[in-house]
Amino acid sequence: MKPLDADTLLAWFDAHGRHDLPWQHPRTPYRVWISEIMLQQTQVNTVIPYFERFMQRFPDVHSLAAAAQDEVLALWSGLGYYARARNLHRAARHIVERHDGRFPTTLEAWLALPGIGRSTAGAILAQAFDQRQPILDGNVRRVLARYHTIDGWPGDRAVQDRLWQRAEAAMPHRRIADYTQAIMDLGATVCTRQPDCTRCPLAEGCRAHATGHPQAWPGRKPRKALPVRRTAMLILRDADGRILFERRPPAGIWGGLWSLPECPVNESVPRHCRERLGVCVDHLSAGATFRHTFSHFHLDIVPVHGRIDDAPALREGGTHVLSPPDEPPGGLPTPVRRLLRQP
DNA sequence: AATGCGGGGCA
DNA sequence: TGCCCAGCATT
């Protein structure tokens with residue numbers, strides 16, 4: 001099978017690709033690394049403001065390694081998949097402690113860092129070090145699955161293996177950093193879910209385009225109906241208007257973030273607060289239920305407002321704190337931020 | 001409401 | 001090695 005033509009793609013990139021992304025100027029290993037982690041599961045336009053704020057606060061790997069996890073998560077708050085931020089922070093410490101603050105230049109060394117898989121490692125080496133390494137992110141997967149009409153869901157091992165083979169075969173021997181950005185840009189701007197083949201430089205050799213139904217690739221993940229869980233989120237204010245925040249466990253959903261105390265919907269809120277939080281609540285009122293959807297379940301959230309004592313006997317050191325709603329003690333999950341914005 | 005988006009961790 | 005897990009934006 002004929003690989004796609006890298007020269008044609010590079011010519012398109014020179015004329016129509018994205019050359020003004022923040023991590024391209026300057027294109028340092030640190031900036032490329034941070035951007036690649038943020039770009040896992042998250043689109044470019046969403047990432048840009050987070051990237052700018054992150055660079056302001058943590059301009060290099062040393063400042064990141066020296067930071068408290070709370071501060072890293074606070075800057076990540078709203079981006080989702082918070083394990084990325086925890087792994088990024090661990091990786092920064094790893095680089096400072098074991099690589100003397102210098103970035104690795106081999107695939108193996110990057111893969112040894114938490115949060116770095118084959119595609120991310122390839123993207124960093126190609127873009128920051130101009131090494132000839134393939135990548136296979138969602139954009140590239142879409143382009144290659146269509147160009148070669150590779151059937152099946154890319155999550156399947158066999159399908160993934162075929163895509164990696166194509167990704168390797170497509171790499172040019174020069175301008176690898178530009179090529180890597182080019183094929184991602186094509187997937188992000190032209191070969192999207194509803195592709196615009198009239199603007200595609202590769203349409204001529206694309207087998208999916210030839211079928212007239214390019215949107216049929218890549219195959220979709222087989223989906224089940226998501227279960228629904230319910231919880232009450234407690235917005236408990238003291239006399240000064242401060243809110244009771246609760247730190248979530250270090251892993252799992254919203255791991256390491258600050259959130260609101262929760263109460264199972266079939267339990268009495270006052271009793272739950274007394275027994276689990278050690279506070280007395282009154283003036284309870286429920287708000288409108290809203291839905292937050294995770295990848296594998298819906299969470300229906302009932303906001304419950306209440307008043308608590310001036311000096312609650314908070315249990316467990318460090319897991320609970322009273323703070324003004326606009327000055328949370330750390331990063332908050334998106335539904336909690338939304339809850340505190342519109343009381 | 002459905003879809004897309006990489007990698008970690010565990011059996 | 002094959003599952004299960006995770007949080008947003010976009011459509």
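- Outside the 6.0 Å centre-distance limit, the rings of Phe54(A) and Phe51(A) are not counted as a close aromatic pair.
- Atom CD of Gln215(A) is surrounded by more than 12 heavy atoms from other residues, nucleotides or ligands within 6.0 Å.
- DNA chain C is contacted by both Phe297(A) and Thr46(A); Phe297(A) maps to the nucleotide lying nearer its 5′ end (nearest heavy atom per residue).
- One interatomic measurement links the two molecules: CD1 of Ile37(A) to P of dG7(B), which rounds to 8 Å at whole-angstrom precision.
- Ring geometry for Trp12(A) against His16(A) counts as tilted: the plane angle lies between 30° and 60°, on a 0 to 90° scale.
- The side chain of Arg141(A) contributes no N or O atom lying less than 4.0 Å from OP1 or OP2 of dG4(B).
- Heavy atoms of Arg86(A) sit nowhere under 4.0 angstrom from any nucleic acid atom.
- Within the nucleic acid shown, Gly255(A) has no heavy atom closer than 4.0 Å to any nucleic acid atom.
- One finds no side-chain N or O of His292(A) lying less than 4.0 angstrom from the OP1 or OP2 phosphate oxygen of dG7(C).
- Rounded to an integer number of Å, the gap from Met184(A) CE to dG6(B) P is 10 Å.
- The nucleotide whose nearest atom lies closest to any side-chain atom of Arg193(A) is, among dG7(B), dT11(C), dG7(C), dT11(C).
- Listed by residue number, the members of residues 124-134 of chain A with any heavy atom below 4.0 angstrom from DNA chain B form an empty set.
- The distance from atom CG of Leu332(A) to atom P of dC8(C) is 10 Å, rounded to the nearest whole Å.
- Within 6.0 Å of the CZ atom in Arg98(A), the count of heavy atoms belonging to other residues, nucleotides or ligands does not exceed 12.
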Worked verdict on Asp7(A) versus Arg175(A) for salt bridge (charged side-chain N to carboxylate O under 4.0 Å, His left out): CA-CA 10 Å; Asp7(A) 286 337; Arg175(A) 293 190 66 187; over 6 Å; no
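- In this structure, Leu39(A) reaches the sugar-phosphate backbone alone: every heavy-atom distance under 4.0 Å involves primed, P, OP1 or OP2 atoms, never a base.
- Closest contact between the side chain of Tyr82(A) and the listed nucleotides dC5(B), dC8(C), dG7(B) involves dC8(C).
- Listed candidates were dG4(B), dC8(C), dG7(C). Nearest to the side chain of Ile253(A) is dG7(C).
- Distances shown here put every side-chain N or O of Thr334(A) at or beyond 4.0 Å from the OP1 or OP2 atom of dG7(C).
- Counting non-hydrogen atoms under 4.0 angstrom, Asp137(A) reaches the backbone sugars and phosphates but no base.
- Atom CH2 of Trp217(A) and atom P of dG4(B) are 15 Å apart (whole Å).
- Heavy-atom nearest nucleotides on DNA chain B were determined for Gly219(A) and for Gln40(A), and the one closer to the 5' end corresponds to Gly219(A).
- Separating the OH atom of Tyr50(A) from the P atom of dC5(B) is a distance of 20 Å, rounded to the nearest angstrom.
- Counting only heavy atoms from C-beta on, Pro333(A) has its side chain closest to dC8(C) among dG7(B), dC8(C), dA9(C).
- Nearest to the side-chain atoms of Arg220(A) among the listed nucleotides dT3(B), dG6(B), dC8(C) stands dT3(B).
- Panel note: side chain Arg337(A), backbone Ser77(A); a donor-acceptor pair is recorded below 3.5 Å.
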Go through Glu204(A) and Lys2(A) one step at a time and tell me if the salt bridge (charged side-chain N to carboxylate O under 4.0 Å, His left out) criterion holds. CA-CA 12 Å; Glu204(A) 194 181 332; Lys2(A) 196 178 141 207; over 6 Å; no
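- Whole-Å rounding puts the Tyr81(A) OH to dC5(C) C1' distance at 8 Å.
- Across dA11(B) and dA6(C), the matching P atoms stand 16 Å from one another, rounded to whole Å.
- Summary of the strand contacts: Gln41(A) and Ile116(A) both lie near DNA chain B, and taking for each the nucleotide with the nearest heavy atom, the more 5' one is attributed to Gln41(A).
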Are Thr189(A) and Arg18(A) close enough, and set up right, to give a side chain to side chain donor-acceptor pair (under 3.5 Å), and what steps lead you there? CA-CA 9 Å; Thr189(A) 63; Arg18(A) 298 179 291 193; over 6 Å; no
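- Look at CH2 on Trp110(A): it is 15 Å from C1' on dG7(B), rounded to the nearest Å.
- Note that Arg338(A) lies in the cation-pi zone of Phe290(A), set by a 6.0 Å cut-off to the ring centre and a 45° limit from the axis.
- A straight line from NE2 of His298(A) to P of dC8(C) spans 15 Å, rounded to a whole angstrom.
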